[in-house]
Student: 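Take this structure first; my questions come after.
We count ligands from 1, going down the list as the structure has it; atoms in each ligand are counted the same way.
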Amino acid sequence: MCRMELLAERVKSRAFAIGFDLVGVAAVSPPVRGNAFQTWLNQGYHGDMAYLPRTAEQRLHPERFLSWAKSIIAVGLCYWSAEQHQNSGTGLRGRIARYAQNKDYHEVLGKRLDQLWAAVCEEAGQDVQARAFVDAGPILDREIASAAGLAWYGKNTNLIRPGVGSYFVLGELFLDIVLEADSPLPNRCGDCRLCLDACPTDAFVGPYILDARKCISYLTIELKGPIPTDLREPMGSHVFGCDICQDVCPYNIKPLASTEAAFSPRPDLQAPELIPFLSLTEHDFKVLLRESPVLRAKRRGFLRNVCVALGNSGQLEAVPALASTLRHDRDALVRAHAAWALGRIAGEGATSVLREVQAKEEDPVVLEEIAQAVRACDVHHPQRNAQ
Ligand code: B12
Ligand code: SF4
Ligand code: SF4
C-alpha cells in the first residue's frame, strides 16, 4: 500500500470512529454530470432558489473555487429511525420529513467534520488546510459523494447505497493533502420506477430529473410566496419536506438506523397536531422549533403549509382555528392560505366566516383567495353548505 492509500485508509477509519456512517475520498475536479446541472438550471427547474444559478460557477468548478485543495473526504450520516412517522399524516396531524424531526443536521455534521479535521492533522502528522461544507456551500454534494463511492444516484435523484438506503445527509471536508480517491459505485435502479410513479405532484420530468418547482420539499421549505393552487391538494398533510419517493424505494426497506441522538425524533414533531401551530406567535415559533430545520420555513411559510394540510384534512373540527387565523393573523400569506383551507373544507361555518371576512379584508391577494374559496364552497360541497 502506498502512503496516499495508507493515509486515506487511516483517515477513513477515524471518520467511522467519529460516527459517520458513510465515508469516501474524491479528487477535486469538475463534477461528472456538470452538463446535467447546467441544463437543469437552463430549464428553470430550480424555481426561486436563485442561489443555485448565482453559485453555478463554483459548483461546476470546485478545482478553481478551492484551488488550494487536493482531495475531498465525503461523509454521510444516517437519520432514519424506526419510531419515525408513526400515525403520521392522518386526520388533524401533519407530516414532517424524517430528517427534520429533531435537530438540524447542519450543526451535527459541522461539529463532526471539525473533529475529523483534527483527526486528519494527527494522522498526517502536520497542519492540514481544510474547509468543511454541509449542504449550504456552493458545492454539488451529491456529485462529490457519488464520485467518492459513497452511493449512486437513484432515479429519484437521491443518493442510495445498498445496505444503507438513502436516508442520510452529506458533508465534505476539502483538504490540501493528497489522499487516494475511491471509485464510484454502479447504478442499481434497473427497470424500477416506483419513485417516479409515487410522487403526488408529478415532480419528475423523467428519471434523474426533478422539477423542483413541483416538489413538496421545495413548496414547503424553499418557496417563500403562495403555493400554486393546483399543487395544494396533492401536498396532502405534508407541512415540511417530503419522503415519499424515498419511502417507496426497495433499497429503503431495511435502512441503516441512525445512531445519532440528535436525530432521534421529537415526539411532538413525528406526527404533529396541526391546530396548535396556528396560534404560534413569531416568538413561540422560534422557541418551539429552536435548533430544528423547520425554522428555515419561517413562521409565515410554516403556517401557510399548516393551513394547506388542514384544508386537505377536510375536518370540520379545523374550521374554528382556521376562521380565527383568517380573521386575526397579521400575515397576509397565512390568511390567504387559511381562506383556501376553509374553501376546501366548506360547510356552513366555513362559508359564513369567509363571507364575514370578505366584507372587511383589505389585502387584494387574500380577497382573491376568499372569493375563490367561497366559489369552492358553493361548487364542491353544496350539500354541506345546505346542512
Ligand atoms: C436544491 C436542493 C434541493 C431542492 C432540489 C432537489 C434536487 N433534486 O436537486 C429541493 C428543495 C426540492 C430538495 C429536496 C430534497 N432534498 Co435537497 N438539496 C438541494 C441542494 C442544496 C442542491 C441540490 C442540487 O444541486 N440540485 C441540482 C440538480 C440538478 O441536482 P440533481 O437533481 O441531483 O441532478 C443530478 C442527477 O440527477 C444527475 N443525473 C442527471 N442525469 C442522470 C442520469 C443518470 C443515468 C444518472 C445516474 C444521474 C443523472 O446529475 C444531476 C447533476 O448533478 C443539496 C445540497 C448541495 N449543496 O448539494 C441538497 C440535498 C441534495 N438534499 C438532500 C435532501 C435530504 C433532500 C430531501 C430528501 C429533503 C426532504 N425529505 O424533503 C428532498 C429530496 C427531494 C428529491 N427527490 O430530490 C440531501 C440529499 C442526500 C441524499 N441521500 O441524496 C442533500 C445532498 C443535502 C445534504 N447535504 O445532505 N433539495
Ligand atoms: S420529495 Fe415528494 S414531492 Fe418531491 S419528488 Fe419526492 S415524492 Fe415528489
Ligand atoms: S424507487 Fe426504484 S427507481 Fe427509484 S430510486 Fe429506488 S430503485 Fe431507483
Student: May I ask you to identify the nearest protein heavy atom to atom 7 (C) of ligand 1, giving residue, atom name and distance to one decimal place in Å?
Tutor: Arg142 NH2, 3.2 Å
Student: What are the atoms of ligand 1, with element, lying closer than 4.0 Å to any heavy atom of Ile139?
Tutor: 56 (C), 57 (N), 58 (O)
Student: Please confirm whether Arg98 approaches ligand 1 to less than 4.0 Å, judged on its heavy atoms.
Tutor: no
Student: Could you check whether atom 38 (C) of ligand 1 has a protein contact, counting only heavy atoms that fall below 4.0 angstrom?
Tutor: yes
Student: Can you report which non-hydrogen protein atom sits closest to atom 34 (O) of ligand 1, along with the distance?
Tutor: Tyr208 O, 4.2 Å
Student: Have a look at ligand 2 and work out which part of Tyr218, if any, has a heavy atom under 4.0 Å from it: side chain, backbone, both or neither.
Tutor: neither
Student: Take every heavy atom of Tyr105, measure it against each atom of ligand 1, and state whether any distance is under 4.0 Å.
Tutor: yes
Student: Quick one: look up the protein heavy atom nearest atom 90 (O) of ligand 1 and list residue, atom name and how far away it is.
Tutor: Leu170 N, 2.8 Å
Student: Give the atom numbers and elements of ligand 3 that come within less than 4.0 Å of a heavy atom of Cys192.
Tutor: 1 (S), 2 (Fe), 3 (S), 7 (S)
Student: Kindly identify the option in Pro138, Ala97, Ala36 whose heavy atom sits closest to atom 40 (C) of ligand 1.
Tutor: Ala36
Student: If you define the side chain from C-beta out and look only at heavy atoms, does anything of Leu173 sit under 4.5 Å from Ile72?
Tutor: no
Student: Can a salt bridge be assigned to the pair Arg14 and Glu122 using a cut-off of 4.0 Å between side-chain N and carboxylate O?
Tutor: yes
Student: Checking a contact table here: which protein heavy atom is nearest atom 85 (C) of ligand 1, and how many Å away?
Tutor: Asp135 OD1, 4.4 Å
Student: How about Cys245: does one of its N, O or S atoms come closer than 2.8 Å to atom 2 (Fe) of ligand 2?
Tutor: no
Student: Just wondering, is there an N, O or S atom on Cys195 that's nearer than 2.8 Å to atom 6 (Fe) of ligand 3?
Tutor: no
Student: Enumerate the atoms of ligand 2 whose separation from the nearest heavy atom of Ile216 is less than 4.0 angstrom.
Tutor: 3 (S), 4 (Fe)
Student: Under 4.0 Å from a heavy atom of Tyr251: which atoms of ligand 3 are those, numbered in the order shown and with their elements?
Tutor: 7 (S)
Student: Going by the order shown, which atoms of ligand 2 are within less than 4.0 Å of some heavy atom of Thr201?
Tutor: 3 (S)
Student: Is Asp243 touching ligand 2 with its side chain, its backbone, both, or neither, if touching means heavy atoms under 4.0 Å apart?
Tutor: neither
